Amino acid sequence: MNNALANPNVDLSDLAIKAGLADYSPVRGCMVIKPYGYAIWELIQKELDARIKECGHENAYFPLFIPQSFINKEEDHIEGFAPECAVVTHAGGEKLEEPLVVRPTSETIIYHMFSKWIQSWRDLPYSVNQWANVVRWEMRTRMFLRTTEFLWQEGHTAHESAENADREARRMLDVYYDFMSKVLALAPLVGEKTDSERFAGAHKTYSLEVLLRDGKILQAGTSHHLGQGFAKAFDIQFQNKNNELEYVHLTSWGVSTRLIGAIILGHQDDKGLILPPNVAPIQAIIIPIYKNEEQKEKVHSNCQAIQNELKVLGIRSKVDFNDQITPGAKFNEWELKGVPVRIHVGPRDVDNNVVEIVRRDTLSKIKDITRLGLGEKINALLIEIQNSLYQRNLNWREENTHEVDSFDEINKVLDKKGGFLKVHWCGSQEHESKIKEQTKATIRIKPFEKIDGGGKCIVSGAPSKTRVFIGRAY
RNA sequence: CGGGAUGUGGCUCAGCUUGGUAGAGCGUCCGCUUUGGGAGCGGAAGGUCGGAGGUUCGAAUCCUCUCAUCCCGACCA
C-alpha cells in the first residue's frame with residue numbers, strides 16, 4: 001500500500017473533528033476531547049491501569065501546582081522544562097511569594113514526597129502511579145499529538161540499586177509494548193534513546209516508536225531509568241542493610257492522549273478512522289433498513305434483539321435508529337468513525353433470519369450470516385480484526401524498514417516512502433546532529449541487541465558497533 | 001518565536017482589487033414522497049463578515065493592532 005494520505009498533516013485534526021473525537025477550544029493549543037474521543041481514552045485507561053496495577057503499582061494524586069524552586073533543583077531537568085512551563089504568579093488577588101509552576105511532569109513534587117516516605121531498604125521498592133493532566137507550552141501544537149494541555153499517566157518507582165531500577169524501567173517498557181500490541185493493535189519499535197534525545201534528567205530513556213500510515217514515526221511512550229540525579233537533588237536516602245545511607249535509584253514512565261493520535265494515524269485509511277476493537281467505544285453498529293412503517297417495526301425489534309444478544313456477551317454495540325438519513329449515509333458515517341463491525345438488518349434479512357456484516361478494516365461485506373450464534377460470530381470477528389490490524393501495522397513497519405549504507409541515500413529513501421532506516425552510527429553526537437540537519441531524520445532508537453556489528457558510521461566512516469534506527473518523526 | 005496563508009449563517013466557500021449596509025452549496029426546521037452504499041421536491045429559519053481601534057457621509061471590503069487555525073523552520077509525550 002502506498003502512503004495513505006497525500007497530506008496527513010492537514011488531515012489529522014480534520015479527521016479527528018469529523019469523526020467526533022475532539023474539537024478546537026478557545027484556548028491556544030488546547031483541544032476539547034468530545035465524548036466519542038474520551039470514550040477511547042477511558043478504554044485506554046481501563047486496560048492500561050489494570051496492567052500497571054498487576055505490576056503492584058498503586059494510584060495516587062499529587063498537586064497540579066509545583067513550587068518553582070522544585071523545578072530548579074535538578075540541573076538537567078530545569079534546562080529541559082523551564083522554557084515550556086506555565087507559571088502562576090498571582091492568586092487571590094495578590095502576587096505569590098513563590099511562583100507556582102503548572103506541572104509539565106511531576107518528578108519534582110513526587111520525589112519531594114518520596115524523601116519523606118522512604119527511610120529504609122525495607123521501604124523499597126517504592127512506587128506510585130498517577131493519572132493526571134499536564135501542561136507544556138510548546139511552540140507548535142497538533143491535535144492529539146502535541147497539545148498544550150494533555151492527559152497522561154506517569155508512574156514513579158524508587159529502588160535500592162541501579163540494576164533494580166533499570167529492570168523496572170525495562171519491565172514497564174514491556175508492559176507498554178504488551179498494551180500497545182494487544183489493545184491498540186500497534187507494533188512499535190522498541191529501544192533506547194541516544195544521549196541527546198534522553199529525558200531531561202534521566203540516566204537512560206527507553207522508547208516505543210510507532211510507524212504511521214504516512215511513513216512518519218511517532219514516539220508513543222517512554223520509560224526512564226533516572227539514576228540517582230533526582231534522588232540527590234531531592235535527598236531521597238535510605239539506610240541499607242549495612243546501616244549506611246544511600247541514595248535511591250528512580251524510574252519514571254508515561255503514556256499520554258498522544259496514544260489516540262497513534263491509533264488514528266497508525267490505522268486510518270481514506271475512508272476515515274479504523275479503531276481496533278479493544279479500544280472502540282462502539283465495536284458493532286447495527287443499521288436497520290426498511291421501506292415502510294410495517295417493515296420498520298419488524299426491523300427495529302430485530303435490531304434490538306441483536307443488540308441485547310451482543311450485550312450479554314460484553315460486546316459494545318449500538319443500533320442506529322436515526323430515521324432522518326438513509327442507510328447509505330450511515331454506512332459512510334460509521335466508516336468515518338472507525339467502528340470495527342457493521343451489521344445490516346433489512347426486511348429480507350429478518351424474513352430469512354440472517355444479517356449482513358461488513359468489517360471496517362477490509363471493507364469486505366458478507367451477506368446472509370445466520371442469526372443463530374451471531375454474538376459468538378461477532379466476537380470471533382472482533383478478535384480477528386484486532387489481530388489483523390496488529391499484523392498489518394507490524395508488516396507495515398517491517399516492509400518500511402531498510403538498511404542504508406550511504407548518507408546520500410537517506411534522503412532518497414525517506415522522501416519516497418518514509419519509514420525506518422537501519423544505519424551504522426559511531427556514537428558521535430556531532431554526526432547525529434548532522435543527520436538531523438541534512439535529512440530531517442533523527443535517531444529514533446538504539447536497539448537492545450547489536451545489529452550487524454562492526455560496520456562503518458554512515459556519516460564519517462568511523463568504526464560502528466551496531467546499526468541504529470533513524471526516521472522522520474512527528 | 002521567525003517566514004507564508006487563512007478567518008464571512010452549524011459546515012465548505014464566493015464577495016474584498018474598483019467602499020454603498022451580505023450570497024451560494026451542504027446542513028437545520030416544516031410538509032409530502034423516499035430508505036439494501038452519502039434521497040427528491042416545495043416552503044422556512046439562521047450571519048452586527050474572528051475581535052478592538054482608525055479612515056470615511058458610509059467598511060466584510062482600506063489602515064493599525066490583536067486573537068485563533070493551518071503550512072514551513074527551531075522545541076517536544
Side-chain angles (χ1 to χ4, degrees), chain A residues 7-14 17-18 23-31 79-85 104-105 132-154 176 188 193 196-200 202 205-210 217-224 252-262 271-272 287-293 295-296 299 320 322-336 342-352 354-358 363 365 367-368 433 436-437 440 442 473-474:
Chain A
N7 194 347
N9 295 346
V10 181
D11 286 357
L12 170 63
S13 48
D14 202 42
I17 291 168
K18 278 185 182 154
D23 203 350
Y24 291 117
S25 80
V27 185
R28 178 198 197 106
C30 297
M31 64 175 173
E79 215 172 290
F81 280 104
E84 55 186 72
C85 283
T105 178
N133 57 338
V134 290
V135 167
R136 297 181 188 177
W137 221 261
E138 303 289 357
M139 292 304 173
R140 216 172 121 196
T141 58
R142 218 194 296 269
M143 201 169 260
F144 284 113
L145 298 186
R146 191 175 302 104
T147 44
T148 299
E149 178 187 5
F150 58 95
L151 306 181
W152 79 346
Q153 150 280 315
E154 54 178 320
Y176 286 149
K193 286 292 189 186
S196 67
E197 298 271 331
R198 223 190 296 124
F199 174 74
T205 288
Y206 303 116
S207 162
L208 302 103
E209 307 275 329
V210 177
I217 294 153
L218 186 70
Q219 182 173 312
T222 46
S223 181
H224 314 289
S252 72
W253 23 275
V255 297
S256 70
T257 35
R258 173 180 274 191
L259 287 178
I260 297 175
K271 290 194 173 275
I287 300 179
I289 300 160
Y290 48 83
K291 290 193 204 304
N292 53 47
E293 279 302 310
Q295 289 182 348
K296 177 176 172 179
V299 167
D320 188 348
N322 184 353
D323 56 3
Q324 301 301 307
I325 58 175
T326 61
K330 292 179 186 177
F331 301 159
N332 289 288
E333 172 72 13
W334 292 109
E335 267 163 12
L336 175 64
R342 270 200 332 273
I343 302 172
H344 301 176
V345 181
R348 289 202 305 267
D349 301 308
V350 177
D351 292 342
N352 299 329
V354 297
V355 296
E356 179 175 284
I357 291 179
V358 184
L363 295 171
K365 182 184 281 186
K367 292 177 192 275
D368 300 326
S433 51
K436 190 172 178 178
E437 278 161 26
K440 291 178 190 165
T442 45
Y474 273 104

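Letters go in sequence order (proteins before strands), and every chain restarts at 1. Nothing here was measured: the structure is a model prediction, and the numbers come from that model.
- Rounding to whole angstrom units, CD of residue A:Glu209 and C1' of B:C76 are separated by 13 Å.
- A:Ile287 comes within 4.0 angstrom of no nucleic acid atom, judged by non-hydrogen atoms across all strands.
- At the heavy-atom level, A:Asp349 lies under 4.0 Å from base atoms of the strands shown.
- Pair check for B:G38 finds none; no Watson-Crick or G-U wobble contact set falls under 3.5 Å.
- A:Lys436 comes within 4.0 angstrom of the backbone, heavy atoms only, and of no base.
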Apply side chain to side chain contact (heavy atoms under 4.5 Å, CB included) to residues A:Ile289 and A:Val299 and explain how you reach the verdict.
CA-CA 7 Å; A:Ile289 300 160; A:Val299 167; 5.8 Å; no
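- The side chain of A:Lys365 places no N or O atom within less than 4.0 Å of a non-bridging phosphate oxygen (OP1 or OP2) of B:G37.
- We find that A:Glu333 and A:Arg342 are not joined by a salt bridge, their nearest charged nitrogen and carboxylate oxygen being 4.0 Å or further apart.
- Across the strands present, B:G7 finds its partner in B:C67; the criterion is a Watson-Crick or G-U wobble pair with both atom distances under 3.5 angstrom.
- In this structure, the nucleotide among B:A77, B:G36, B:G73 sitting nearest to the side chain of A:Arg140 is B:G73.
- Using a 4.0 Å heavy-atom distance criterion, A:Glu335 is classed as a base contact.
- Remark: side-chain polar atoms of A:Thr205 are paired, donor with acceptor, to backbone N or O of A:Phe199 under 3.5 angstrom.
- Using a 4.0 Å cut-off, no side-chain N or O of A:Tyr474 falls inside it from OP1 or OP2 of B:A77.
- Residues A:Glu209 and A:Ser207 share a closest heavy-atom pair of OE2-OG, 2.5 Å.
- A:Ile325 has its CD1 atom 20 Å from the P atom of B:U33, to the nearest Å.
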Checking A:Gln219 against A:Tyr474 for the side chain to side chain contact (heavy atoms under 4.5 Å, CB included) test, could you report, in this order, the C-alpha distance in whole Å, the side-chain angles of both residues, the deciding distance, and whether it holds?
CA-CA 8 Å; A:Gln219 182 173 312; A:Tyr474 273 104; over 6 Å; no
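- If you measure from atom CD of A:Glu84 to atom P of B:A74, you get 16 Å, rounded to the nearest angstrom.
- Of all nucleotides present, only B:C1 satisfies the Watson-Crick or G-U wobble test against B:G73, with each distance under 3.5 Å.
- Residue A:Phe150 is classed as a base contact, given a heavy-atom separation below 4.0 Å to a base.
- Remark: B:C16 base-pairs with no nucleotide in the shown strands. Criterion, Watson-Crick or G-U wobble with two distances under 3.5 Å.
- Note: CG (A:Asp320) to P (B:G38) measures 15 Å, nearest angstrom.
- If you measure from atom CD of A:Glu333 to atom P of B:C26, you get 18 Å, rounded to the nearest angstrom.
- With a cut-off of 3.5 Å on both pairing distances, B:U21 has no Watson-Crick or G-U wobble partner at all.
- Atom CG in A:Leu218 sits roughly 11 Å away from atom C1' in B:C76 (whole-Å rounding).
- Residue A:Gly254 is classed as having no contact, given no heavy-atom separation below 4.0 Å to the nucleic acid.
- Within 4.0 Å of A:Lys18, counting heavy atoms only, lies no atom of the nucleic acid at all.
- Nucleic acid contact class of A:Glu356 (heavy atoms, under 4.0 Å, all strands): base.
- In a base pair of the Watson-Crick type (N1 to N3 plus N6-O4 or O6-N4) or a G-U wobble (N1-O2 and O6-N3), with each distance short of 3.5 Å, B:G27 is matched with no nucleotide.
- To the nearest angstrom, C1' of B:A77 lies 8 Å from CZ of A:Arg146.
- Mapping A:Tyr24 and A:Ala220 onto RNA chain B via the closest heavy atom, the residue that lands nearer the 5' end is A:Tyr24.
- Counting non-hydrogen atoms under 4.0 angstrom, A:Gly29 reaches the backbone sugars and phosphates but no base.
- Looking at which nucleotide of RNA chain B each of A:Met143 and A:Glu197 is closest to, the 5′-most match is held by A:Met143.
- For A:Arg142, whose side chain is taken as the heavy atoms from C-beta onward, the closest listed nucleotide among B:A39, B:G36, B:C71 is B:C71.
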Which is it for A:Thr141 and A:Met31 under the side chain to side chain contact (heavy atoms under 4.5 Å, CB included) test, yes or no, and what are the steps along the way?
CA-CA 10 Å; A:Thr141 58; A:Met31 64 175 173; over 6 Å; no
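- A:Arg258 has no side-chain polar atom (N or O) that falls below the 4.0 Å cut-off from OP1 or OP2 of B:C76.
- For B:C75, the OP1/OP2 oxygens have no side-chain nitrogen or oxygen of A:Arg136 closer than 4.0 Å.
- Across all strands shown, B:A60 has no partner, as no Watson-Crick or G-U wobble contact with both distances under 3.5 Å is found.
- Among the heavy atoms of the strands, none lies under 4.0 Å from A:Thr442.
- Ring-to-base geometry does not place A:Trp152 in a stacked arrangement with B:A77 (centre distance under 5.5 Å, plane angle under 30° required).
- Among the atoms of the strands shown, base atoms are found under 4.0 Å from some heavy atom of A:Glu138.
- Atom CZ of A:Arg342 is separated from atom P of B:G38 by 12 Å (rounded to the nearest Å).
- A:Pro347 comes within 4.0 angstrom of a base, heavy atoms only.
- Residue A:Ser256 places a side-chain atom within donor-acceptor reach of the base of B:A77, judged by atom type and a 3.5 Å distance cut-off alone.
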